[in-house]
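Here's the structure we're looking at; comments come further down.
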Amino acid sequence: MTIRLYDTSARQIRDFIPLTPGCVSIYLCGATVQAAPHIGHIRSGLNFDIMRRWFAHRGHDVTFVRNVTDIDDKIIAKSAEQGRPWWSLGYENEVAFNTAYDALGCLRPTYEPRATGHVPEMIEMMRGLIERGHAYAADGNVYFDVRSFPGYLSLSNQDLDHLKQPSGEGESGKRDPRDFAMWKAAKEGEPSWETPWGRGRPGWHLECSAMAHKYLGEAFDIHGGGIDLIFPHHENEIAQAKAFGDGFAQYWTHNAWVTMSGEKMSKSLGNSLLVSEMVKQWRPIVLRYYLGTPHYRSMIEYSEEALREAEAAFARIEGFIQRVVEKAGMVEPAAEVPPAFAEAMDDDLGVPQAMAIVHTTVRQGNSALTADDKEAAVARLAELRAMLGVLGLDPLDELWSGGGTDRSQDLHGVVDSLVRLVLDQRQSARARKDYATADAIRDQLQQSGLAIEDTPSGPRWSLS
């Protein structure tokens with residue numbers, strides 16, 4: 001049993017060998033909280049939630065750190081634009097992100113540190129880098145000297161002589177235009193903290209190097225994030241951490257974007273779909289299926305048609321589950337997933353290949369039901385629940401079945417009660433051989449978007 005992952009730094013799939021046997025440490029770049037999350041933001045958290053679940057299923061003890069960037073140029077600009085304190089804006093959007101993660105069934109991280117809570121750790125790292133000759137202070141700013149670190153740009157595979165380093169306003173005193181800011185000098189009206197080099201605030205990259213060091217130590221297993229973070233963010237994290245003396249991440253794993261018309265989903269393009277709005281139109285478990293079942297390194301081109309296809313595919317899974325539960329009662333998940341499913345997941349989290357096993361199992365289970373082979377149907381459902389549980393998609397799990405606070409489950413119960421009343425009227429009509437009325441009731445339900453199936457245990461309904 002060897003899990004294999006695509007390592008961005010090696011540009012190939014590698015066998016995963018943890019630093020500590022039986023343990024896995026993961027650092028994921030989380031939310032920058034200048035705005036509420038769209039489905040593109042949440043895809044990253046969902047992909048790494050599946051990674052975390054798979055490592056845990058394989059018997060590893062997982063430490064999962066997902067940070068919150070609660071201070072940066074964008075947050076300050078948004079707060080000024082809206083005329084409200086930066087911390088108020090940041091906290092509101094942090095809550096929105098956590099609400100979205102929860103809605104789509106993501107497990108809470110082991111630790112979720114905020115950048116502003118770790119200024120002392122950042123000061124300590126800057127002091128060490130200055131002492132080692134890798135950083136310097138100028139005009140109240142602190143910069144990293146990129147030429148002092150020979151391995152710079154190895155992750156993104158760029159040429160330093162042709163590098164164009166993004167720079168922010170007020171970054172004066174650089175020895176080289178490619179040097180990047182770890183600390184930014186205070187400006188009027190902006191938040192700032194006291195340091196040996198004057199008051200100021202963190203640069204974007206320093207916070208993650210400092211927080212990864214604090215929560216995961218000098219070296220850890222996996223660093224993750226979206227492909228847009230490879231440069232400059234992750235490249236600069238590596239430079240800071242390794243120049244400080246840390247071994248830092250052993251594997252670099254990046255998820256692809258959700259796009260619209262071929263462009264990355266973003267606020268600036270005006271093409272975002274907020275999670276808070278999407279869950280009003282689509283069941284959260286269907287959104288998780290849609291975002292989580294493509295391979296994490298594949299782009300998802302958003303369309304409502306694709307979401308409807310995902311909804312229909314998941315409905316087939318739920319339909320089988322419902323039929324077996326009606327026939328045999330509750331079925332517990334199997335202790336192990338099928339070997340072919342495990343093989344797919346071990347191979348760079350091959351969720352599409354794993355989902356093929358899921359749908360094959362559903363087809364086999366439906367065939368068993370048709371043949372009235374209750375034992376085989378129950379066995380297939382046990383396997384199915386084990387696989388769906390790993391993916392966070394088991395509709396019988398407490399999160400989705402009503403143990404949580406999902407309003408869609410409450411609504412499903414209300415609709416079920418109303419439909420049952422109508423179906424009882426249809427049954428009464430059939431009992432008195434008034435087939436015209438019974439058929440009219442069925443046709444009316446179908447026109448309302450419901451599919452009616454007559455079974456030996458009575459009629460059942462589902463969304464058509």
Of the options Val390, Thr2, Asp346, which is the one that meets Arg58 in a side-chain contact (heavy atoms from CB on, under 4.5 Å)?
Asp346
Could you give me the CA-CA distance, side-chain angles and deciding distance for Phe244 and His213, then say whether ring-ring contact (aromatic ring centres under 6.0 Å, His included) is met?
CA-CA 10 Å; Phe244 185 69; His213 178 92; 5.7 Å; yes
Here the ring-ring contact (aromatic ring centres under 6.0 Å, His included) pairs for residues 91-116, sequence neighbours left out, are His41-Phe97, Tyr111-Tyr215
Does the pair Asp72/Lys78 count as a salt bridge with the N-to-O cut at 4.0 Å?
no
Over 60° means perpendicular and under 30° means parallel, so classify the ring planes of Phe55 and His60, tilted if in between.
perpendicular
Quick test of your reading of the model: are Arg442 and Asp439 salt-bridged, counting only N-O distances below 4.0 Å?
yes
Is a salt bridge present between Glu383 and Arg380, judged by a nitrogen-to-oxygen distance below 4.0 Å?
yes
Side-chain contact, heavy-atom cut-off 4.5 Å: Ile452 with Arg426?
yes
Who passes side-chain contact (heavy atoms from CB on, under 4.5 Å) against Arg84, sequence neighbours left out?
Gln82, Ser88, Leu89, Glu92
Distance-only polar pair, side chains of Glu301 and Thr259, donor-acceptor under 3.5 Å:
yes
Within 45° of the axis and under 6.0 Å from the centre of the six-membered ring of Phe48, does NZ or CZ of Arg66 qualify?
no
Could you check Arg316 against Asn366 for side-chain hydrogen bond (donor to acceptor under 3.5 Å, both in side chains), going step by step and ending with a plain yes or no?
CA-CA 10 Å; Arg316 291 192 289 272; Asn366 281 326; over 6 Å; no
Leu160: which residues meet the side-chain contact (heavy atoms from CB on, under 4.5 Å) condition with it, sequence neighbours left out?
Val146, Arg147, Tyr152, Leu153, Leu163, Arg178
All ring-ring contact (aromatic ring centres under 6.0 Å, His included) counterparts of His359, not counting sequence neighbours
none
Specify whether Trp252 and Phe248 have parallel, tilted or perpendicular ring planes, treating 30° as the upper limit for parallel and 60° as the lower limit for perpendicular.
tilted
Decide if atom CD of Glu343 counts as having more than 12 heavy atoms of other residues, nucleotides or ligands within a radius under 6.0 Å.
no
Please tabulate, for side-chain N and O atoms in residues 16-30, each donor-acceptor pair with protein atoms closer than 3.5 Å (sequence neighbours left out).
residue, atom, partner, partner atom, Å
Ser25, OG, Asp221, N, 2.9
Ser25, OG, Asp221, OD2, 3.2

Has Glu375 got more than 12 heavy atoms of other residues, nucleotides or ligands less than 6.0 Å from its CD?
no
Would Val325 and Val331 satisfy side chain to side chain contact (heavy atoms under 4.5 Å, CB included), going step by step from the backbone distance to the final call?
CA-CA 7 Å; Val325 171; Val331 176; 5.6 Å; no
What is the minimum heavy-atom distance between Pro85 and Ser79, and which atoms define it?
C-CB, 4.1 Å
Evaluate the ring planes of His234 and His254, with Trp represented by its six-membered ring, and classify them as parallel (under 30°), tilted (30 to 60°) or perpendicular (over 60°).
tilted
Residue pairs meeting ring-ring contact (aromatic ring centres under 6.0 Å, His included), one or both in residues 300-352, sequence neighbours left out, come to Tyr289-Phe314
